[in-house]
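Worksheet: one structure, shown below.
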Amino acid sequence: MSALIAINNINVPFDVVGDDMPTVSSVYVAEVFEKTHADLLKSIRALPNDDFKSSNFKEDFYLNKQNKRQPCYALTRDGFSLLVMGFTGEKAYQWKIEFIKAFNTMEAELKR
């Protein structure tokens with residue numbers, strides 16, 4: 001199951017992986033928060049390699065404009081929350097709220 005939810009005028013796909021947990025790609029998190037994906041990847045990779053990280057940041061890939069495989073991560077709600085906790089400012093606050101609403105929407109759909 002997946003759904004497109006508009007955040008910051010960007011259609012962000014939320015997917016459900018395995019155990020009925022909504023996820024979002026780090027690519028879209030970077031785009032909405034106006035960060036470089038490379039910097040977001042550095043932040044994720046700098047996290048301790050523990051159970052939380054392995055449960056909430058799933059290694060994945062996407063195809064770039066040149067159709068080449070590039071690394072990314074599928075983030076759960078908890079992974080997303082941890083990652084963006086340090087993002088500050090009014091715009092970041094608004095995008096955090098929109099992502100939380102999107103996760104809630106996906107979870108409500110799963111329960112139906």
Side-chain angles (χ1 to χ4, degrees):
M1 173 183 194
S2 66
L4 283 177
I5 300 174
I7 302 173
N8 190 18
N9 296 316
I10 299 167
N11 286 324
V12 178
F14 282 76
D15 296 307
V16 176
V17 190
D19 54 356
D20 293 339
M21 188 169 299
T23 63
V24 65
S25 172
S26 58
V27 173
Y28 291 97
V29 173
E31 187 175 358
V32 169
F33 282 92
E34 299 172 343
K35 308 274 185 198
T36 67
H37 190 241
D39 286 343
L40 212 64
L41 290 177
K42 283 181 196 172
S43 295
I44 294 169
R45 290 174 179 149
L47 295 171
N49 289 320
D50 58 11
D51 289 339
F52 184 87
K53 183 177 179 181
S54 64
S55 297
N56 295 287
F57 297 89
K58 303 290 184 190
E59 289 186 32
D60 203 357
F61 73 92
Y62 71 100
L63 298 176
N64 67 12
K65 292 176 184 175
Q66 292 79 33
N67 213 27
K68 292 183 182 175
R69 286 173 56 113
Q70 298 294 311
C72 68
Y73 286 85
L75 283 62
T76 65
R77 174 202 298 263
D78 290 347
F80 165 82
S81 298
L82 179 74
L83 184 65
V84 303
M85 213 178 275
F87 297 175
T88 59
E90 175 117 5
K91 282 171 58 174
Y93 175 78
Q94 292 301 319
W95 304 151
K96 288 177 194 179
I97 290 170
E98 293 305 315
F99 268 99
I100 290 167
K101 287 179 186 176
F103 274 108
N104 289 338
T105 298
M106 286 297 295
E107 287 176 353
E109 286 293 318
L110 287 170
K111 289 178 182 174
R112 280 195 240 159

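For the atom pair CG (L40) and CZ (R45), the distance works out to 10.5 Å, reported to the nearest 0.5 Å. Atom CD1 of I44 is separated from atom NZ of K53 by 8.0 Å, given to the nearest 0.5 angstrom. In this structure, R77 CZ and M106 CE are separated by 11.5 Å, a value rounded to the nearest 0.5 Å. Taken to the nearest 0.5 Å, the OH atom of Y73 stands 12.0 Å off from the NZ atom of K58. In this structure, CZ in F33 is found 10.5 Å from CD in Q94, a value given to the nearest 0.5 Å. Distance CD/E34 to CH2/W95: 7.5 Å, rounded to 0.5 Å.
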task: Tell me, with the steps shown, if S54 and N49 meet side-chain contact (heavy atoms from CB on, under 4.5 Å).
output: CA-CA 7 Å; S54 64; N49 289 320; over 6 Å; no

query: Yes or no on side-chain contact (heavy atoms from CB on, under 4.5 Å) for L47 and L82, after CA distance, side-chain angles and deciding distance?
result: CA-CA 10 Å; L47 295 171; L82 179 74; 4.1 Å; yes

- request: Evaluate the side-chain contact (heavy atoms from CB on, under 4.5 Å) criterion for residues Y62 and H37: first the C-alpha distance (whole Å), next the side-chain angles of each, then the deciding distance (0.1 Å), finally the verdict.
  value: CA-CA 12 Å; Y62 71 100; H37 190 241; 4.1 Å; yes

field: Working for side-chain contact (heavy atoms from CB on, under 4.5 Å), residues L63 and Q70
entry: CA-CA 6 Å; L63 298 176; Q70 298 294 311; over 6 Å; no

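In summary, the side chains of N64 and K68 do not present any donor paired with an acceptor at a separation below 3.5 Å, with no hydrogens or angles considered. Looking only at atom types and distance, the side chain of S81 has no donor-acceptor partner in the side chain of D78 under 3.5 Å away.
Residues V29 and F99 form a side-chain contact, since some pair of their non-hydrogen atoms from C-beta on lies under 4.5 Å apart. At a threshold of 4.5 Å between non-hydrogen side-chain atoms, the residues F103 and V24 count as touching. Contact check for D60 versus S25: no side-chain heavy atoms found under the 4.5 Å cut-off.
Across all their heavy atoms, C72 and V27 have their closest contact at CB-CG2, 3.8 Å.
With sequence neighbours excluded, no residue satisfies ring-ring contact (aromatic ring centres under 6.0 Å, His included) with F57. Residues satisfying the side-chain hydrogen bond (donor to acceptor under 3.5 Å, both in side chains) test with N56, not counting sequence neighbours, are T76. With sequence neighbours excluded, no residue forms a ring-ring contact (aromatic ring centres under 6.0 Å, His included) with Y28.
With hydrogens and angles ignored, the 3.5 Å screen pairs no side-chain donor or acceptor of K96 with any backbone N or O of T88.
Under a cut-off of 6.0 angstrom, the local environment of CZ in F52 is crowded, with over 12 non-hydrogen atoms contributed by other residues, nucleotides or ligands. D51 CG: 12 or fewer foreign heavy atoms inside a 6.0 Å radius.
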